[in-house]
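Take a look at the structure set out below.
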There are 2 protein chains.
Amino acid sequence: MTDITDSEIRIARRRPVTLRDVALEAGVSVATASKALNDQGRMTAETRTRIQETARRLGFRPNSLAQSLLRQRSFTVGLLTNDTYGRFSLPVMAGISDALVDNGVSVFLCNVEDDSRLGQLHVDAMLDKRVDGIIATGKRVDRHLPVDLAQLGIPVIYAFTQPDPGSIAFVSDDEQGAQLAVEHLVGLGRRRIVHVTGPDTFTVVHQRAAAYQAVLRAAGLPLYDVLMGRWSEAWGHEAVARLFGGDGPAPDAVFCGNDQIARGVIDALRERGIRVPEDVGVIGFDNWEIVASASRPPLTTVDMNLVALGREAGLTLLSLVDGKPVEPGIRKLPCRLVVRQSCGHPPPDG
Amino acid sequence: MTDITDSEIRIARRRPVTLRDVALEAGVSVATASKALNDQGRMTAETRTRIQETARRLGFRPNSLAQSLLRQRSFTVGLLTNDTYGRFSLPVMAGISDALVDNGVSVFLCNVEDDSRLGQLHVDAMLDKRVDGIIATGKRVDRHLPVDLAQLGIPVIYAFTQPDPGSIAFVSDDEQGAQLAVEHLVGLGRRRIVHVTGPDTFTVVHQRAAAYQAVLRAAGLPLYDVLMGRWSEAWGHEAVARLFGGDGPAPDAVFCGNDQIARGVIDALRERGIRVPEDVGVIGFDNWEIVASASRPPLTTVDMNLVALGREAGLTLLSLVDGKPVEPGIRKLPCRLVVRQSCGHPPPDG
DNA sequence: ACCAGATGAGAAAACCTTTTCTCATTGAAA
DNA sequence: TTTCAATGAGAAAAGGTTTTCTCATCTGGT
C-alpha cells in the first residue's frame, strides 16, 4: 500500500536556512553576511548587528559540511574498537568523547569486532568522510585491531590496544598497578602473599606477575608459584581449593588478576569459614564497580584510570590534528589503588 | 621549544586525490570522469574503463563531504545516550550500529549524561553536521533524555528511552517478559511464587508486577505481596531474610526483577542451606551474562533482546530517512527466556 | 550533397561557506 | 578644487562532486 494515512509519520524535511537566506533578508551580500557573523571584515556596527540579529531570528546555523569542505578539516574523528560489550573500552571511550566534545569535535563510533572486512569498511568510510584523525581502542593491550592504520595520511592514536611500531599509544602501567597492590598488602603486614591470575597467554599476566615477584623479593618475603587460569569467578573458587586445601601454612593474602577472580576467591574463602579480611586479605584488579562493590566485603582493587587514559588520548590526537609535533612511543599511565574493605584497611573516611 | 626532533611525529597530510586529478590524468573533463565512475551518462566503453582504471591506479575516493553537500544527505546519524557505562544501551547501540553500517551509514556517538547543556551541545553539533536522523537511547524507559527532539525537522527514533508523544519508539515488552518467567515457574510445578524487584519508582517494576500477578491469578495460585527494594545483590539477601526467616510456608520460587537481585537471592539461599533449584527455583531478568553465568547455579533469566531492538530501531530510521511513511507509536518487542539451571530445568541440549 | 537523429563529451550550475581582492564613496588634507 | 587615505561592502574564487544542458561530430538515409 502506498497510501498514507494521517497517522503515519513522514518527515517534512524543512530546507535549513542558509547564509544566502540571511543575506537576502538583511539586504546584504553573502560575503558581508559571512563576515558579520564571524566578526571579520569591515562594516558599520549597525550593519553587523543587523545581520547577526537577522541570523538569530531566522535560526541560521552554518552548514558544517560546507565549512569542512573549505577548511579541509571536518572536526570529526573516528573511534575504532573491537570491544562493544566489554569492560575496558567503555571508560576509554567515555574519556575520549569527553575530551573531544569540549573541543567541538564529534566522534564516529566504529565497532569492528574481530572482522578485518568490517574494519576495512569502517576505515574506508571514515577516510571518505574526511575524519581529522582516528583513535584505536580495544579489549586487549596485546592484540592488534584487525585493521591496518599504518599509512593513512591522518593522525592515529592507540589507546588500550596494541600499537604499530613508531606510533603513539596510551596504555595502563600494569607493573605499577600490581606493585601498588602488593605493596599495599605488604604494608598491612601480610607475609604469605599469593597471586591468582588469568591465562598464560596474556601479556599483562606476566607483567603483573613480574611486579608481584619483585615486590616480594624486595620485601624479603617468600615467593609462591603464580596461579594462572581464567578470568572468572569459577577460577577463583578453584584456586582457593588448591591453596587452602593442603596442610602447609595457608596464605594470608591473595592478589587477584581481576575483580571476578577476586570475588570468586572471597566467596570460596567465606564458604570455607575463612574470614576476609581478618584471616586473609584479598585484592582485585580493574575496579569493575558492579563486581567490586557487590563483593562481601567490598573489594579493594586497582583502578587503571581508563577514563583519564581516554581523555589523554583524545587531547593528544587533537594536538596532532593541529599540526603540533608529538613524541612517538608508548605512554604508560599510572594505576590507582581503590581501598574498600577486603584487605582489612577500611577507607579513612568511613 | 619549537624545534622538532627527528623522533617526533607530525603528520604529513597528503592531499587526497580528487576527481579533478583523475580527469586530468585520464585526459577528460571532471564531468566525464564523474559519469564514468558512477556508470552514468554516455561514452565509449573504452573511455569509461580507462577512467575507472585511472581512478583505481590513483587511489581515488570521492569526498563524502562534497557528495553530502550536493545530495542533501550525509549518510550519518546521531546516537544520543545517557548510559555510557550502563548495561542497557550497549547492546542497543551494537544493534543500531549493526543495522546502519550495513547500509553505509556512520554513527555519531553522543553521550549526554544527564546534562541538558551537554545534550543541546550535541544536538546542535549533529544538526550542523547535517545528520540524516537521530536515535535516542537511554538507561531507563520511563525517563526522558535531557534534550528536546520534538521539532528538529529530521527523523527521530526512540529506543529504550521515554519517547515524545506522537513519535516512534521501540521498547521491550516487560509484561510479556514477566509473563514468560512466571509461566515458566508455574509450568515447572512451582506453587508459592514470590516476586522480588527494584524500586517503586520504576515503571517497569509495576508492569512486571502486574504481569506476575495476572499469571498467578490465571493459574489459581496464591498471591504474595511484591517486594520492592533496590536493584542490588544486597537487596536479594535482605529479601531472602524476610521471606525465609518466618515460620509460615516458605516460597518455592522467586521471580527477581533483575539478575543482580537474583544472584543475591541464590547466594543467600545457599547460605541458609536451601538448595537451588531443588527447594526453590530462582529466575532473573536482563540476562546480564556476567552475572547470570557466574551465579551458582547459572541463572535462568529473561532476555530483552536489546540487540534486535537496536537493529529494528536502526532500520526504521533508515526507512524514515528514505521518506517512507511509518506509523507512529510505541512498539513493544518481545522478550525471550534463557533457560539455565536455577529453576530445575536443565537446558535440553546439555 | 543534404538532413535527421544518434552519439560522445564538455561547460556550467548547484550545494554552502569563507576569504581575498576590488571598487566606489567619503572625509580630510593640501 | 585636487589628491590621498580610509572606509564600507560586494564580486569572485575556492573546496569536490553531480547533473543538466549544450554542442560538435558522425552515421545513415534520401
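First the proteins, then the strands, lettered A, B, ... as listed; each starts at 1.
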Taking only residues two or more places apart in sequence, or in another chain, which ones meet [X] in a side chain to side chain donor-acceptor pair (under 3.5 Å)?
X        : answer
A/Asp124 : A/Gln120
A/Thr44  : A/Thr47
B/Arg57  : B/Glu25
A/Arg61  : B/Asp128

Subject >> Residue pairs involving residues 93-150 of chain A (criterion ring pair (Phe, Tyr, Trp, His ring centres under 6.0 Å); sequence neighbours excluded) >> reply: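 Output for this query lists A/Phe108-B/Phe108.
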
Original post:
Can you list every pair that meets ring pair (Phe, Tyr, Trp, His ring centres under 6.0 Å) and has a residue in residues 44-69 of chain B, with sequence neighbours left out?
Top reply: none

Original post:
Can you pull the side chain to side chain donor-acceptor pair (under 3.5 Å) pairs that have at least one residue in residues 309-321 of chain B, sequence neighbours excluded?
Top reply: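 Matches after skipping sequence neighbours: B/Asp98-B/Arg311.
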
Can you tell me how far [atom2] of [N] sits from [atom1] of [X], to the nearest Å?
X        : N      : atom1 : atom2 : value
A/Arg61  : C/dT17 : CZ    : C1'   : 15 Å
B/Arg71  : D/dG16 : CZ    : P     : 17 Å
B/Asp39  : D/dT18 : CG    : P     : 12 Å
B/Phe60  : D/dG16 : CZ    : C1'   : 8 Å
A/Leu19  : C/dA14 : CG    : C1'   : 16 Å
B/Leu37  : D/dT17 : CG    : P     : 10 Å
B/Lys129 : C/dC16 : NZ    : P     : 18 Å

Original post:
Per the end-axis method with five pairs at each terminus, what is the bend angle of the helix from C/dA1-D/dT30 to C/dA30-D/dT1, to 10°?
Top reply: 80°

**OP:** State plainly whether the residues B/Lys139 and B/Asp114 are in salt-bridge range, i.e. N to O under 4.0 Å.
**Re:**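 Answer for the salt bridge query: yes.
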
Original post:
Can you give one letter per nucleotide of nucleotides 6-15 of chain D, going 5' to 3': B for a protein heavy atom under 4.0 Å from the base, S for sugar-phosphate only, - for none?
Top reply: -BBBBBB-BB

